[in-house]
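This report refers to the structure that appears directly beneath it.
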Amino acid sequence: MDVSHILDNLNKPQRDAVSSAPQSLLVLAGAGSGKTRVLVHRIAWLLEVEKTSPFSILSVTFTNKAAKEMRGRIEELLTTPSTGMWVGTFHGLAHRLLRRHYEEAKLPQGFQILDSDDQLSMVRRIQKELSLDTKQWPPRKSQWFINKQKDQGIRSHSMEHKGDYTTRTLIAIYTAYEALCERSGVVDFAELLLRSLELIRDNAHIMQHYQQRFQHILVDEFQDTNELQYAWLQLLAGKKNLVFAVGDDDQSIYGWRGAKIENIQNFAQDFNEVKTVKLEQNYRSTSNILQAANALIANNKHRLGKNLWTEDKVGEPIKLYAAYNENEEATHVATEIQHWLTKGRQRDEIAILYRSNAQSRVFESTFIEKGIPYRVYGGLRFFERAEIKSALAYLRLTTNRDDDASFERSVNFPPRGIGDKTVSMIREYGKQNNLSLWQASKIMLQTNILKARAGNSLQSFITFINNIATEIQPMLLSQQVDFMIQQTKFIEYYSKKEGEEKGKNREENLEELVSAANSFEYRPDNEHANMSFLAAFLAHATLEAGEGENTDDEDCVQMMTMHSSKGLEFPRVFICGMEDGLFPHQNSLNEEGKLEEERRLCYVAITRAREQLTLCYAEQRRMHGSTLYGIPSQFINEIPDELIESIRAISKIKKKPILPIPKKRTANETGYAIGQKVSHSKFGSGTILDNEGAGAAARVQVNFETAGSKWLVLTYANLQKL
DNA sequence: ATATAGAATCTTTTT
DNA sequence: GATTCTATAT
């Protein structure tokens with residue numbers, strides 16, 4: 001058997017991983033070390049050398065983009081078609097299981113998926129019904145609590161009467177929320193995973209079927225799995241435990257949303273792993289950039305341990321630019337971009353990375369002024385736009401009348417005289433009698449509970465939906481969507497309400513929705529089993545919210561958060577806002593674990609760069625309306641001096657001396673010892689928790705009795721020793 | 001039912 | 001400073 005097309009062009013460790021005997025394997029793949037390549041080639045190996053049937057392969061990713069890339073590259077490499085192989089995201093595959101076995105999963109056939117916005121409005125409604133003040137109980141926090149429990153596999157009934165008042169209240173919200181979802185026939189994202197886990201766990205024949213079927217499970221970005229996903233994988237893998245996991249503990253940056261870095265550390269014992277392969281040769285960056293990344297990440301404890309190296313040249317030093325303020329930071333970047341362009345390079349080779357989205361604003365206005373085209377990642381995504389969601393809500397109602405979230409969204413939009421009062425009456429009635437809003441409305445109309453005017457409006461809404469549901473029955477999907485948009489008179493409403501121009505934009509989006517429906521591929525034989533064409537499209541809209549922003553073909557500078565840069569690469573990278581408090585973020589400074597995650601984020605950001613990396617910080621920055629004086633990020637210190645070339649702003653409006661980059665922490669140059677009691681004019685009295693820096697950069701962390709703990713720059717804080 | 005003013009809040013994000 | 005939600009008035 002000629003295996004050369006599978007193994008050629010792979011380095012030694014890559015080849016080891018790809019061609020290893022059937023066994024569980026952990027591939028520790030550093031940034032830019034060719035992890036997708038290894039995954040894809042492994043699949044080819046299994047199919048062509050091990051003669052595994054595509055039916056017995058399950059390949060899981062986190063994002064649709066990764067899944068799509070995986071599918072594309074498998075097809076490219078393979079000589080035979082890979083029909084029957086399951087390749088998809090955790091959520092997508094869980095969804096598929098639930099559709100196939102909706103009865104065992106105790107779901108209605110037409111169940112719908114809630115996105116986080118829908119989920120939030122459901123939580124809001126629950127809290128209103130439970131008369132919980134949104135000030136005391138922020139719905140977002142409740143939503144977060146619910147998802148956190150689900151991500152740990154905990155159902156509300158298993159935690160009754162536990163904990164203090166706060167916890168008990170949150171549990172009550174969780175319980176009511178679960179009941180509401182049940183009644184509405186909807187599942188949220190976390191529910192997809194939890195429900196499918198329970199489905200497999202509690203149905204012996206289903207478990208047996210899938211454990212037998214999936215002989216090989218491959219997982220991408222393993223460091224991002226949460227507890228539930230880990231358990232899900234374990235369950236599907238069964239006793240055989242043939243899991244091929246690819247990940248990088250140094251790139252774990254989603255701990256704050258439940259990802260457990262421990263999962264990659266526990267892999268060996270839980271999956272009877274017999275082999276670990278490290279991919280450390282990097283094919284992306286210059287050696288200077290890699291050395292900087294290696295030195296930085298070496299400051300983290302509890303690593304599995306890896307050191308990236310390259311055969312590439314040393315490359316240019318890392319540039320460090322000290323800007324006077326945030327505007328000057330942006331101006332400098334703009335100047336550098338223009339210089340880059342004069343060398344015949346392109347704008348889309350450049351990425352500007354920052355910690356928080358708000359930082360993009362200054363760059364945007366500077367670039368507009370200088371006429372530099374740019375694209376900001378992470379805007380509103382297509383299927384999340386208000387007009388799209390509203391149109392979809394109508395379509396969802398025709399599929400499942402009990403979908404309360406969609407009912408609420410469409411009942412008075414566009415306005416048809418069903419006001420807040422009427423809707424709350426329906427909610428109340430539904431709650432009393434455990435009915436969906438739709439059913440409640442129907443009974444209320446029959447029993448004449450409502451006033452004539454509201455009743456008439458509600459009746460015409462009910463009739464409207466019923467009629468449409470019948471009328472669209474024979475139509476093609478795109479006609480159904482189009483018909484719905486016509487009947488609801490969205491376009492007329494928007495152009496009247498928001499004027500020609502803005503309304504025009506919405507109209508275009510709605511037209512885009514029709515064409516999205518037109519090009520949607522329906523696969524009832526596998527992926528979309530047990531779903532109508534329309535239901536499949538609706539699920540697709542929620543699970544794959546589509547690209548953010550319309551992708552213009554114009555050559556643009558790319559701007560994004562460091563988080564969203566993961567997985568991408570650019571010849572030229574600027575990491576901006578490198579100031580303590582901004583990056584690492586203020587909220588991460590107090591906990592070692594959080595600080596390490598910030599450092600990993602920095603590692604991710606650095607390793608995006610291929611040729612040239614520039615770090616920027618500003619001494620002065622306007623944030624939340626007031627001016628802050630920052631000190632350079634501690635991460636700058638952690639990069640060896642010899643890799644860095646400093647550039648200083650020659651500021652005309654030089655009001656303050658440029659702050660020196662602080663040396664490694666030296667105790668008590670601040671003059672404040674840890675434990676010293678101090679008082680502050682605004683925050684009152686407190687105790688010094690930590691101190692660092694010297695001279696103008698000296699600052700201390702104070703734990704105030706009433707105001708909590710804060711970092712203060714001594715020059716401005718005016719502390720009194722007590 | 002909508003418009004406006006004041007208040008609160010202000011990492012990171014995919015599904 | 002900017003956005004987003006809430007309360008209040010019209």
Side-chain angles (χ1 to χ4, degrees), chain A residues 60-67 88-95 113-121 124 128 133-135 138-141 144 147 150-151 187-194 196 220-221 224-226 228-229 252-259 326 353-362 365 377-381 383-384 412-423 454 457 497 539-548 560-567 577 581-589 594 597-598 600-602 604-605 621-628:
Chain A
V60 197
T61 61
F62 274 86
T63 64
N64 291 300
K65 199 174 147 200
T89 63
F90 277 101
H91 292 86
L93 296 169
H95 176 235
I113 307 166
L114 291 181
D115 69 13
S116 357
D117 274 356
D118 299 331
Q119 186 185 34
L120 184 60
S121 24
R124 282 216 177 91
K128 213 169 262 171
D133 180 25
T134 48
K135 225 178 219 154
R140 274 184 198 285
K141 292 236 168 88
W144 182 80
N147 288 333
K150 289 194 181 188
D151 285 345
V187 293
D188 58 48
F189 288 133
E191 184 72 24
L192 286 170
L193 288 167
L194 180 52
S196 68
D220 191 14
E221 305 276 21
D224 288 341
T225 50
N226 63 27
L228 189 51
Q229 288 157 337
S252 162
I253 55 173
Y254 288 112
W256 52 274
R257 64 170 198 222
E326 76 279 5
L353 309 183
Y354 35 75
R355 179 62 235 258
S356 60
N357 288 114
Q359 284 169 258
S360 75
R361 263 198 54 247
V362 187
S365 52
Y377 278 66
L380 245 200
R381 306 174 22 172
F383 285 109
E384 286 168 358
N412 197 33
F413 186 86
R416 52 168 67 83
I418 306 173
D420 226 20
K421 219 171 75 201
T422 313
V423 178
S457 308
K497 181 80 197 303
H540 163 84
T542 316
L543 282 173
E544 304 178 36
E547 274 287 293
M560 68 195 81
T561 63
M562 300 184 212
H563 279 92
S564 35
S565 75
K566 195 170 106 181
L582 227 197
F583 184 49
H585 194 270
Q586 191 70 45
N587 302 357
S588 316
L589 288 171
K594 284 188 173 178
E597 182 154 309
E598 295 282 300
R600 292 194 291 269
L601 183 58
C602 190
V604 167
R621 182 180 296 273
R622 278 188 80 75
M623 261 182 89
H624 313 319
S626 53
T627 306
L628 299 177

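Every chain is numbered from 1, with letters handed out A, B, ... down the list of sequences.
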**Message:** Please report the distance separating the C1' of dT11(B) from the corresponding atom of dT6(C), rounded so that it comes out in whole Å.
**Reply:**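 One C1' to the other, the span is 24 Å.
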
**Message:** Between dT13(B) and dT4(C), how far apart are the two P atoms, rounded to whole Å?
**Reply:**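 Each nucleotide's P atom is 15 Å from the other's.
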
**Prompt:** According to the 5.5 Å centroid and 30° plane-angle thresholds, does H91(A) stack upon the nucleobase of dT15(B)?
**Reply:**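 Whether judged by distance or by angle, H91(A) falls short somewhere, so it does not stack on the base of dT15(B).
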
**Prompt:** For Y254(A) and dT14(B), do the ring centres fall under 5.5 Å apart while the planes stay under 30° apart?
**Reply:**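 Per 5.5 Å and 30° rule: no stacking.
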
Length of the line joining [X]:[atom1] and [N]:[atom2], which is rounded to integer Å:
| X | N | atom1 | atom2 | answer |
| --- | --- | --- | --- | --- |
| E384(A) | dT13(B) | CD | P | 12 Å |
| D151(A) | dT15(B) | CG | P | 15 Å |
| R622(A) | dC10(B) | CZ | C1' | 15 Å |
| W256(A) | dT15(B) | CH2 | C1' | 12 Å |
| Y377(A) | dT11(B) | OH | P | 24 Å |
| L582(A) | dC10(B) | CG | C1' | 12 Å |
| N147(A) | dT14(B) | CG | C1' | 12 Å |
| R140(A) | dC10(B) | CZ | P | 10 Å |

side-chain N/O [X] vs [N] OP1/OP2, d < 4.0 Å:
| X | N | value |
| --- | --- | --- |
| T63(A) | dT14(B) | no |
| R257(A) | dT11(B) | no |
| N412(A) | dA1(B) | yes |
| R361(A) | dG1(C) | no |
| T561(A) | dT13(B) | yes |
| N64(A) | dT14(B) | no |
| R381(A) | dT13(B) | no |
| N357(A) | dT13(B) | yes |

**Request:** Would you mind telling me which of L192(A), T61(A), V60(A), L193(A) makes a side chain to side chain contact (heavy atoms under 4.5 Å, CB included) with L93(A)?
**Result:**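 Answer to the side chain to side chain contact (heavy atoms under 4.5 Å, CB included) test with L93(A) among L192(A), T61(A), V60(A), L193(A): V60(A).
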
**Request:** Indicate the ring-plane relationship of W256(A) and H563(A), choosing parallel, tilted or perpendicular according to the 30° and 60° boundaries.
**Result:**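 W256(A) and H563(A): perpendicular rings.
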
**Prompt:** Which part of the nucleic acid, if any, lies within reach of D133(A) when heavy atoms closer than 4.0 Å are counted: base, sugar-phosphate only, or nothing?
**Reply:**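 D133(A): no heavy atom of the nucleic acid under 4.0 Å.
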
**Asked** Considering only heavy atoms and no angle criterion, is a donor-acceptor pair shorter than 3.5 Å present between the side chain of S116(A) and the base of dT15(B)?
**Response**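 Donor-acceptor pair under 3.5 Å: yes.
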
**Asked** Can we say K566(A) and D224(A) salt-bridge, meaning some charged N sits less than 4.0 Å from an Asp/Glu carboxylate O?
**Response**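 D224(A) and K566(A): salt-bridged.
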
**Message:** Which is more 5' along DNA chain B, the nucleotide nearest E598(A) or the one nearest T89(A)? Just name the residue.
**Reply:**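 First, find each residue's nearest nucleotide; the 5'-ward one identifies E598(A).
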
**Request:** Using the closest heavy atom to pick a nucleotide of DNA chain B for each, name whichever of A358(A) or G417(A) lands nearer the 5' end.
**Result:**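 The residue mapped nearer the 5' terminus is G417(A).
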
**Prompt:** Does D188(A) use its side chain to pair, donor to acceptor, with the backbone of N147(A) at less than 3.5 Å?
**Reply:**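 Not confirmed, D188(A) side chain does not pair with N147(A) backbone.
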
**Prompt:** Could you go step by step and tell me if S116(A) and Q119(A) meet the side-chain hydrogen bond (donor to acceptor under 3.5 Å, both in side chains) rule?
**Reply:** CA-CA 5 Å; S116(A) 357; Q119(A) 186 185 34; 5.7 Å; no

**Selected nucleotide, minimal atom distance to R124(A) side chain, candidates dT12(B), dT15(B), dC5(C)** =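 Nearest nucleotide to the side chain: dC5(C).
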
**Asked** Given E597(A) and K594(A), is the salt bridge (charged side-chain N to carboxylate O under 4.0 Å, His left out) satisfied, shown in steps?
**Response** CA-CA 5 Å; E597(A) 182 154 309; K594(A) 284 188 173 178; over 6 Å; no

